[in-house]
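Atoms considered below: every heavy atom in the structure, side chains included; atoms not considered: hydrogens, waters and symmetry mates. Each chain gets a letter, A, B and so on, in the order its sequence line appears, and its residues count up from 1.
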Protein chains: 2
Amino acid sequence: MSLASTGLASTAHGIGHTTMEDVAKLAGVSLKSVSRVINSEPHVSGKLRAKVEAAIAELNYVPDTAARSLAGSRTFIIGLLFDNPSPNYTMDIQKGVYEACRANQYHLRIDNVDSTVPREQLETQLLALVRNSRCDGFVLTPPLTDDMVLLDFLERSGIRYVRIAPAMQPDRSPGIGIDDRAAAAAMARHLWDLGHRRIAVLRGPASHSAASLRLDGFIETLGELGLEQTLIEADGGFSFDGGIRAGSEVLAMNPRPTAIFATNDDSAAGVMAACSQAGLKVPEDVSVCGFDDSWIARSVWPYLTTVYQPVEEMGRAAASLLLRRDEPEHGLRLLDFHLVVRDSTAPPKAV
Amino acid sequence: MSLASTGLASTAHGIGHTTMEDVAKLAGVSLKSVSRVINSEPHVSGKLRAKVEAAIAELNYVPDTAARSLAGSRTFIIGLLFDNPSPNYTMDIQKGVYEACRANQYHLRIDNVDSTVPREQLETQLLALVRNSRCDGFVLTPPLTDDMVLLDFLERSGIRYVRIAPAMQPDRSPGIGIDDRAAAAAMARHLWDLGHRRIAVLRGPASHSAASLRLDGFIETLGELGLEQTLIEADGGFSFDGGIRAGSEVLAMNPRPTAIFATNDDSAAGVMAACSQAGLKVPEDVSVCGFDDSWIARSVWPYLTTVYQPVEEMGRAAASLLLRRDEPEHGLRLLDFHLVVRDSTAPPKAV
DNA sequence: CAGTTTGGTGACAGGGCTGTCAAGTTCAGG
DNA sequence: CCTGAACTTGACAGCCCTGTCACCAAACTG
């Protein structure tokens, strides 16, 4: 086993590496004082701080991360761990996390996990990743958020982490999410208010726990509103193809539902394709709505009515939680969602 | 100016940090020998290597990156710099780069650039990013690939980089791409062979240089094939909305084109939406084809005929180029593309 | 006004690793 | 059996910071 078989020869980073010593010399202070200024430590007089800052600016000094993390015990790196769900979702989260990092002089490291491998192997892979990564904290996205082995390991090792949209044990650790139940309820009300009474809903994969929350919230609310006919359920699998399949299935029924709620946008797009295959117009013949307000919601025609969830903001919030230690709050913090009514839903045709 | 105003308190990384010294002791060799094994340096006897590797395995030792990069002058980090084009494209590249990093015990750092800010500010931002990042090398994606200020800076600082799909000065530095011209030519031939003679093509944004290569290759080839009628051109802007707009425009013409080539998948999806708005069936009434074979090509119905470009592979190749120093090849390395004929193209209706 | 606290600063010792160089070992050729 | 080249190994300094502790000055206390 060789830990590193290739390598870049020494690279001259930056031009003429300025070190803290240069700054100290120029400012006429000690090394430690420069360090204090850099780390915003207390007990630094304004005069000294000014001198040092001037010197830093003049020399265009940037502290060496490697040295910093060797000396201190922080790496100034946040790790983002994700599996491979929708690229849009991931990208948005990543953007949010990135911005929070940047704002705090942190760096973002990516670790991409492949969950298609056997469970055993996955665990080994995960643990090795985290061990090797030496990050100051991790942001976890679903479905990694619910990997108990991983969580146990992180906690046992004293590594901080924040989960985005965790499903299980929401109070176990800090988390960021939205109220999927309530969001789905809002969609139910929207369809109900439009006048729909024969409604279909597409399940997501069982492993994606938000999916079931959405399903539950939707069904429950329709029940409360007084829907008497049985709700039609089918499996949309959270994918375009799944949406086509489930959509066709549901549209073939007699009587046909007048509205279909797919619990994510990808499958909703699939449903719209199924409609077009069946020669049905959206929203005239069938209303279709999704969930997520992802990129694809505006890459279909008509534009999709969906639920906006602030994915990028969730990423930002997660990273911030990790960075500001002051607030060691446990439990899920819920962010605001809202209904985005676009063109794919309308009142059912008068019969 | 404070360089770091927040911070994580010292985190106990891993459990009971094993250091190289532990390994050396257990193996009964010197520190340096362990180092040699870890770095696969020459002049290490098989016996010694075996002892050390056994010790490493037993202790579950992982070298400390910070210390390594402080002592050596490598950071074991590859930076991926991107602007915000299509999330799908970016994600694929990222995945490829990530995998190459992982395979070489490197880490991937992300830096997201926002090119919507004024040019001046952008440059400052870019340079600061690169300086702060302290990476062993950077992978650049369009349009950053053609930012001469950035390239100059990197070269002046002796920082290695590889460009993905660079447009300008392809021989300036190592690069990875495909032959966009030839790929568009293949699409031209496909449509020609199907029997289309009245064809429209949608331009991409002028800033995206691959767009013009595709356009040129397409037009040129149709000319060579003997297309006599004038080709219809419109501006698709590489976006769904642009595709709808340009699509409607083109479809309103009389006589109507029988095939539309959008130079990326997003705008092709828009064209398909425009067809559906106009009550036209794809591919019966109009053939539509795109370019990229991105996620969206299979999130529309009918599935889109398009050109596959190995985006993930491009990312992998770029990172590998950065990592294996042996091959300091300059100039663009072209990867294979291929036509993906799906359901959105067919022979024109007999008139 | 002596006797404490507090605030501000610096000296110094590592942190875990790699580069350099020197020492020890092996083996071919004379 | 000796010499030098080539290989193998190790000692040690140093990469650039931060934590600890010690110091001195100023600002309190009763």
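With B:Ser33 contributing its side chain and B:Val29 its backbone, the two residues share no donor-acceptor pair below 3.5 Å. A:Arg316 places no side-chain N or O within 3.5 Å of a backbone atom of A:Val311 that could act as its donor or acceptor partner. Checked by atom type and distance alone, the side chain of B:Asp146 pairs as donor or acceptor with a backbone atom of B:Met168 at under 3.5 Å. Side-chain N or O atoms of B:Thr124 include one that pairs as donor or acceptor with a backbone N or O of B:Glu120 at under 3.5 Å. B:Thr145 places no side-chain N or O within 3.5 Å of a backbone atom of B:Leu140 that could act as its donor or acceptor partner. Side chain of B:Arg163 to main chain of B:Pro174: no donor-acceptor pair is present (N/O by atom type, distance under 3.5 Å, no hydrogens or angles). In terms of modelled atom types and a separation under 3.5 Å, the side chain of B:Asp136 and the main chain of B:Thr75 share a donor-acceptor contact. Of the possible polar contacts, one joining the B:Thr141 side chain to the B:Leu81 backbone as a donor-acceptor pair under 3.5 Å is found.
With respect to the salt-bridge test (charged N to carboxylate O, under 4.0 angstrom), the residues A:Lys95 and B:Asp114 do not qualify. Looking at A:Arg134 and B:Asp64, a side-chain N of the basic residue comes within less than 4.0 Å of a carboxylate O on the acidic one, giving a salt bridge.
Summarising the geometry, the separation between CD on B:Glu21 and C1' on D:dC12 is reported as 13 Å, rounded to the nearest angstrom. Distance, B:Met20 CE to D:dT9 C1': 14 Å, rounded to whole Å. Counting to the nearest Å, the C1' atom of D:dC16 and the CG atom of B:Asp64 are 14 Å from each other. Look at CG on A:Asp22: it is 9 Å from P on D:dC16, rounded to the nearest Å.
Taking side-chain N and O atoms only, A:Tyr61 has no distance below 4.0 Å to OP1 or OP2 of D:dC16.
Over its full length, the helix from C:dC1-D:dG30 to C:dG30-D:dC1 turns its helical axis through 30°, comparing axes from the five pairs at each end and rounding to 10°.
In this structure, A:Arg68 forms a cation-pi arrangement with A:Phe76, its terminal cationic atom sitting closer than 6.0 Å to the ring centre and no more than 45° off the ring axis.
With rounding to the nearest 0.5 Å, the separation of CZ in B:Phe153 from CG in B:Leu151 is 12.0 Å.
In this structure, A:Cys101 and A:His107 have side chains that are not in contact, with every pair of non-hydrogen atoms separated by 4.5 Å or more.
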Below 3.5 Å is the cut-off: list the nitrogen or oxygen pairs between protein and nucleotides 6-8 of chain D, distance only.
none

Tabulated below should be each protein N or O lying under 3.5 Å from an N or O of nucleotides 24-29 of chain D; please produce it.
none

Tabulated below should be each protein N or O lying under 3.5 Å from an N or O of nucleotides 19-22 of chain D; please produce it.
unit_1: D:dG19; atom_1: N7; unit_2: A:Lys32; atom_2: NZ; d: 2.9

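Remark: A:Asp111 engages no residue in a salt bridge (charged side-chain N to carboxylate O under 4.0 Å, His left out) (not counting sequence neighbours).
Taking the 5' to 3' direction, DNA chain C first and last meets chain A under 4.0 angstrom from a heavy atom at C:dG7 to C:dG16.
A 6.0 Å sphere centred on CD of A:Glu21 holds no more than 12 heavy atoms belonging to other residues, nucleotides or ligands.
When the nearest nucleotides of DNA chain C are assigned to A:Ser33 and B:Val34 by heavy-atom distance, the more 5′-ward of the two goes with A:Ser33.
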Derivation and outcome, side chain to side chain contact (heavy atoms under 4.5 Å, CB included), residues A:Val52 and A:Arg36
CA-CA 10 Å; A:Val52 172; A:Arg36 286 207 182 85; over 6 Å; no
